[in-house]
Enquirer: 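Supplied in structure tokens, the structure appears directly below.
Per chain, numbering begins at 1; letters A, B, ... match sequence-line order.
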Amino acid sequence: MRFRLRFAPSPTGFLHVGGARTALYNYLLARSRGGDFILRMEDTDKSRSTEEAIAAIMEDLIWLGLDWDEGPDKGGPCGSYRQTERLHLYREAVDSLLAQGKAYRCFCEPGQLAQSREKAREGQVTPRYDRRCLGLSDEEVSRLLKEGRPWAARFRVPEGKTVVNDLIRGDIEFDNSTIEDFVMQRRDGTATYNLAVVVDDIYMRITHVLRGDDHLSNTPKQLLLYRALGSEPPQFAHLPMIVGADGKPLSKRHGDVAVGRYREQGFLPDAMINFLALLGWSLDDSTTIISREDLIKHFSLERVSSKPATWDTDKLIWMNQQYIMALPEERLEEEVVFFLERAGLIRGDDSQARETLRRILPLIRERMKLLTDALPLTAFFFQEVSPEIGSLDILRGEQARRMLELSRLKLTSADPFVAPIIEEVLRETASSLNMKPKQAFQPVRVAVTGSRVSPPLFESMEILGKSRCLARLDRALELAEEVNL
RNA sequence: GCCCCCAUCGUCUAGCGGCCUAGGACACCGCCCUUUCAAGGCGGCGGCGCGGAUUCAAAUUCCGCUGGGGGCACCA
């Protein structure tokens, strides 16, 4: 049997990291078994679903490298991949269930139902539909229908027990008496989530459903529906939720939850995938960095944890740094150019700037945790600097002034103006002034880079070039004058 | 109130009865290297929620408790 899995988000917002992990696990299982990965939009909630959200979700999935075989944008053999375009299928299912007596029409007013539900809650009683419309006679039903009274279709939950055979948790038994006759079709004729997923998954021949834990208690309802519709249900696996530090489901309160936000902050998709994969799954007792290929090769449900995982941005950051350090030169350049260009520091088609950047990259790559870290580390190459407020005091004092003055003078005759020579000159200067290297180089660093934290000084100076270095030393000298007043 | 899930260092986890004086990674703290910051090296801190039971032997099995979470919609 060919594995067919799907990711079915409701397009009411951006792709959430939890959703991304669900998508990833579905993707990995499909790919590891040579199956299909399908994208389907659960947009039956018309009031909250938007086209922008559909586009945004697809964009984020593409960024993550989770490509699908069938989906709203590329179609496929199983009809439309948006629920709003499959309404007729749900209607047919309801009609058939109605005809078989496995479902019935409910004419109750939603408002009234909500009211009695409230009352039940207050009375600390389990709220459940009282099946009052199940008792309606055929005559009454046709009379109400003739009157044009709106109705919803409820599924008639049979007696007995329903067991969910979860691939991660094992068998979970539910007593059907704890399940109410749920609505499958609203009075406006649209299908409800439980009906729509089941019909779609049957129709799309989905073999495995991997989804969040929060759907576990919906599963028996869906199992009942499969049975009533005469279909073999897929295999289910409920993934533990991703939670915040307080153990509550991850939400905006905990920080960024939108995949797009991580992209903007300079995270690499590969790092994100690696991190997400390990949030609930492990290969063995020691693997932390694992490639997509290996993920596909080794992913299995048996090694998925059943315990909720806490989102840990620190670990994601560390992982991102690992990926930045391992990125091939050209790739790193591309990624960094994107951010530098966006910040207005360079133009992507400026070949001279690109050349400079290529020389800087080796100096900064192990200093970057995020791609955006390249900005403060490279800005001084592309624009004039004025020492930050916090660094001004480095220029203060007689020692600093003399170091700047002397090195300015000696550097004039440094030829060629390359790192080893620059270093030699500066070290000699420092020792002639009886200064420790650390103490002596900081003023120079601030003068040249504008900051007390920078890429390696001598190499940076070489790349910057002699004239600009001398000019910056001059400026710093002037500044030092002012600071000392 | 009812149903369901979960429980190893602060965090992600390994562990599927003896290999565990519980292993790895992140974070944290030292030290080394060092022109700043990183990177790197070395070392350290730190955990089986509690109580029963089974067994020669339990982190590992069973039961109870406690704690956390999810669900109980004409939302998905």
Enquirer: Using the P atom in both, what is the distance from B/rA39 to B/rA25, to the nearest Å?
Expert: 15 Å
Enquirer: Return yes when atom CZ of A/Arg156 has more than 12 non-hydrogen atoms of other residues, nucleotides or ligands closer than 6.0 Å, and no otherwise.
Expert: no
Enquirer: Searching all strands shown, indicate the nucleotide that pairs with B/rC31 (Watson-Crick or G-U wobble; both distances under 3.5 Å).
Expert: B/rG41
Enquirer: Please report, rounded to the nearest Å, how far the C1' atom of B/rC19 is from the CG atom of A/Asp285.
Expert: 13 Å
Enquirer: Watson-Crick or G-U wobble partner for B/rC16, using a 3.5 Å limit on both distances?
Expert: none
Enquirer: Please list, pair by pair, any protein nitrogen or oxygen found under 3.5 Å from a nitrogen or oxygen in nucleotides 61-63 of chain B.
Expert:
none

Enquirer: Rounded off to whole Å, could you give me the CG-to-P distance for the A/Asp166 and B/rC3 pair?
Expert: 20 Å
Enquirer: Below 4.0 angstrom from OP1 or OP2 of B/rA25, is there any side-chain N or O of A/Thr287?
Expert: no
Enquirer: Holding to salt bridge (charged side-chain N to carboxylate O under 4.0 Å, His left out), I want the full list of residues that pass it with A/Asp43, two or more places apart in sequence or in another chain.
Expert: none
Enquirer: A/Arg40 CZ to B/rA76 P: how many Å, rounded?
Expert: 13 Å
Enquirer: One thing to verify: whether A/Arg169 and A/Asp213 come together as a salt bridge, which I'm taking to mean a side-chain N less than 4.0 angstrom from a carboxylate O.
Expert: yes
Enquirer: Mind checking the P distance from B/rU34 to B/rC16? Whole angstroms is fine.
Expert: 45 Å
Enquirer: Please check this pair: side chain of A/Asp294 against backbone of A/Ile290, looking for a donor-acceptor N/O pair closer than 3.5 Å.
Expert: no
Enquirer: State which residues pass ring pair (Phe, Tyr, Trp, His ring centres under 6.0 Å) with A/Tyr129; sequence neighbours excluded, sorted by chain then number.
Expert: none
Enquirer: Identify which nucleotide among B/rA73, B/rA76, B/rA14 has an atom closest to any side-chain atom of A/Arg303, counting heavy atoms from C-beta outward.
Expert: B/rA14
Enquirer: What distance, rounded to whole Å, do you find between the two P atoms, one in B/rG10 and one in B/rU54?
Expert: 32 Å
Enquirer: Does A/Asp130 pair with A/Arg132 as a salt bridge, N-O distance under 4.0 Å?
Expert: yes
Enquirer: Measure from the ring center of A/Phe299 to the ring center of A/Trp281 and say whether it is less than 6.0 Å.
Expert: yes
Enquirer: Pick the closest RNA chain B nucleotide for A/Thr44 and for A/Asp314 by heavy atoms, then say which residue is nearer the 5' end.
Expert: A/Asp314
Enquirer: Between atom CD in A/Gln222 and atom P in B/rG71, what is the gap in whole Å?
Expert: 14 Å
Enquirer: State the pairing partner of B/rU36; accept Watson-Crick or G-U wobble contacts with both distances under 3.5 Å, and report none otherwise.
Expert: none
Enquirer: So that I know where these two stand, are A/Tyr104 and A/Phe155 an aromatic pair - ring centroids less than 6.0 Å apart?
Expert: no
Enquirer: Please report, rounded to the nearest Å, how far the P atom of B/rA73 is from the CZ atom of A/Arg128.
Expert: 10 Å
Enquirer: Counting only heavy atoms and a strict 4.0 angstrom limit, can you tell me which residues of residues 242-253 of chain A come near RNA chain B?
Expert: A/Gly247, A/Lys248, A/Pro249
Enquirer: Select from A/Lys221 and A/Leu316 the residue whose nearest nucleotide in RNA chain B is closer to the 5' end of that strand.
Expert: A/Leu316
Enquirer: Test: salt bridge (charged side-chain N to carboxylate O under 4.0 Å, His left out). Region: residues 298-309 of chain A. Which pairs qualify, not counting sequence neighbours?
Expert: none
Enquirer: Near RNA chain B, which residues from residues 150-160 of chain A have a heavy atom under 4.0 Å away?
Expert: A/Ala152, A/Arg154
Enquirer: Both distances below 3.5 Å, Watson-Crick or wobble geometry, any strand: find the nucleotide opposite B/rG1.
Expert: B/rC72
Enquirer: Using a 4.0 Å cut-off on protein heavy atoms (strictly under), produce a 5'-to-3' string for nucleotides 32-40 of chain B with B for base contact, S for backbone-only sugar-phosphate contact, and - for none.
Expert: ---BBBBS-
Enquirer: Please enumerate all residues that pass salt bridge (charged side-chain N to carboxylate O under 4.0 Å, His left out) together with A/Glu180, with sequence neighbours excluded.
Expert: none
Enquirer: Donor-acceptor pair under 3.5 Å: do we get one between A/Asn218's side chain and the base of B/rA76?
Expert: yes
Enquirer: Looking at A/Leu295, is its backbone amide N or carbonyl O close enough to the side chain of A/His298 to form a donor-acceptor pair, meaning the two atoms are under 3.5 Å apart?
Expert: no
Enquirer: Pick the P atom in B/rA14 and in B/rG1, then give their distance to the nearest Å.
Expert: 34 Å
Enquirer: With C1' as the reference atom in both, quote the distance from B/rG44 to B/rU36 in angstrom, rounded to an integer.
Expert: 27 Å
Enquirer: Looking at A/Thr126, I'd like to know whether one of its side-chain N or O atoms comes within less than 4.0 Å of OP1 or OP2 on B/rC72.
Expert: no
Enquirer: Heavy atoms, side chains only, cut-off 4.5 Å: are A/Leu278 and A/Met319 in contact?
Expert: yes
Enquirer: Take atom C1' in B/rC29 and the same atom in B/rG70, then report the distance between them in whole Å.
Expert: 38 Å
Enquirer: From B/rA27, B/rG1, B/rG24, pick the nucleotide closest to the side chain of A/Ser286?
Expert: B/rG24
Enquirer: Would you mind classifying the nucleic acid contact of A/Gly212 as base, sugar-phosphate or nothing, using non-hydrogen atoms under 4.0 angstrom?
Expert: nothing
Enquirer: Could you check which nucleotide pairs with B/rC26 in any of the strands shown, counting Watson-Crick or G-U wobble with both distances under 3.5 Å?
Expert: B/rG10
Enquirer: Paired with B/rC50: which nucleotide, if any, by Watson-Crick or G-U wobble criteria at under 3.5 Å for both distances?
Expert: B/rG64
Enquirer: In this structure, how many angstroms lie between the P atom of B/rC12 and the CG atom of A/Leu239, rounded?
Expert: 16 Å
Enquirer: Under 3.5 Å for both donor-acceptor distances, Watson-Crick or wobble: does B/rU21 have a partner, and if so which one?
Expert: none
Enquirer: Judged by atom type as modelled, is there a donor-acceptor pair below 3.5 Å linking the side chain of A/Ser431 to the main-chain atoms of A/Glu428?
Expert: yes
Enquirer: Does A/Arg117 have a side-chain nitrogen or oxygen under 4.0 Å from the phosphate oxygens OP1 or OP2 of B/rG1?
Expert: no
Enquirer: Calculate, to the nearest 0.5 Å, the distance between atoms CZ and CG belonging to A/Arg292 and A/Leu28 respectively.
Expert: 9.0 Å
Enquirer: Quickly work out the A/Tyr193 OH to B/rG71 P distance and round it to whole Å.
Expert: 12 Å
Enquirer: Please indicate whether A/Arg131 has more than 12 foreign heavy atoms, meaning atoms of other residues, nucleotides or ligands, lying under 6.0 Å from its CZ.
Expert: yes
Enquirer: What is the distance, to the nearest angstrom, from the CG atom on A/Asn176 to the P atom on B/rC72?
Expert: 17 Å
Enquirer: Could you go through A/Glu42 and A/Ser10, starting from their C-alpha distance and side-chain angles, then the distance that decides it, and tell me whether this counts as side chain to side chain donor-acceptor pair (under 3.5 Å)?
Expert: CA-CA 5 Å; A/Glu42 310 226 312; A/Ser10 63; over 6 Å; no
Enquirer: Suppose we screen for salt bridge (charged side-chain N to carboxylate O under 4.0 Å, His left out). Which residues come up paired with A/Arg105, at least two apart in sequence or across chains?
Expert: none
Enquirer: Extract from the structure each pairing of a protein N or O with an N or O of nucleotides 4-6 of chain B at less than 3.5 Å, listing the distance.
Expert:
from: B/rC5; atom 1: O2'; to: A/Arg169; atom 2: NH1; distance (Å): 2.6

Enquirer: Which residues satisfy the ring pair (Phe, Tyr, Trp, His ring centres under 6.0 Å) test with A/Tyr262, sequence neighbours excluded?
Expert: A/Phe267, A/Trp311
Enquirer: Tell me every residue that passes salt bridge (charged side-chain N to carboxylate O under 4.0 Å, His left out) with A/Arg117, counting only those two or more places apart in sequence or in another chain.
Expert: none
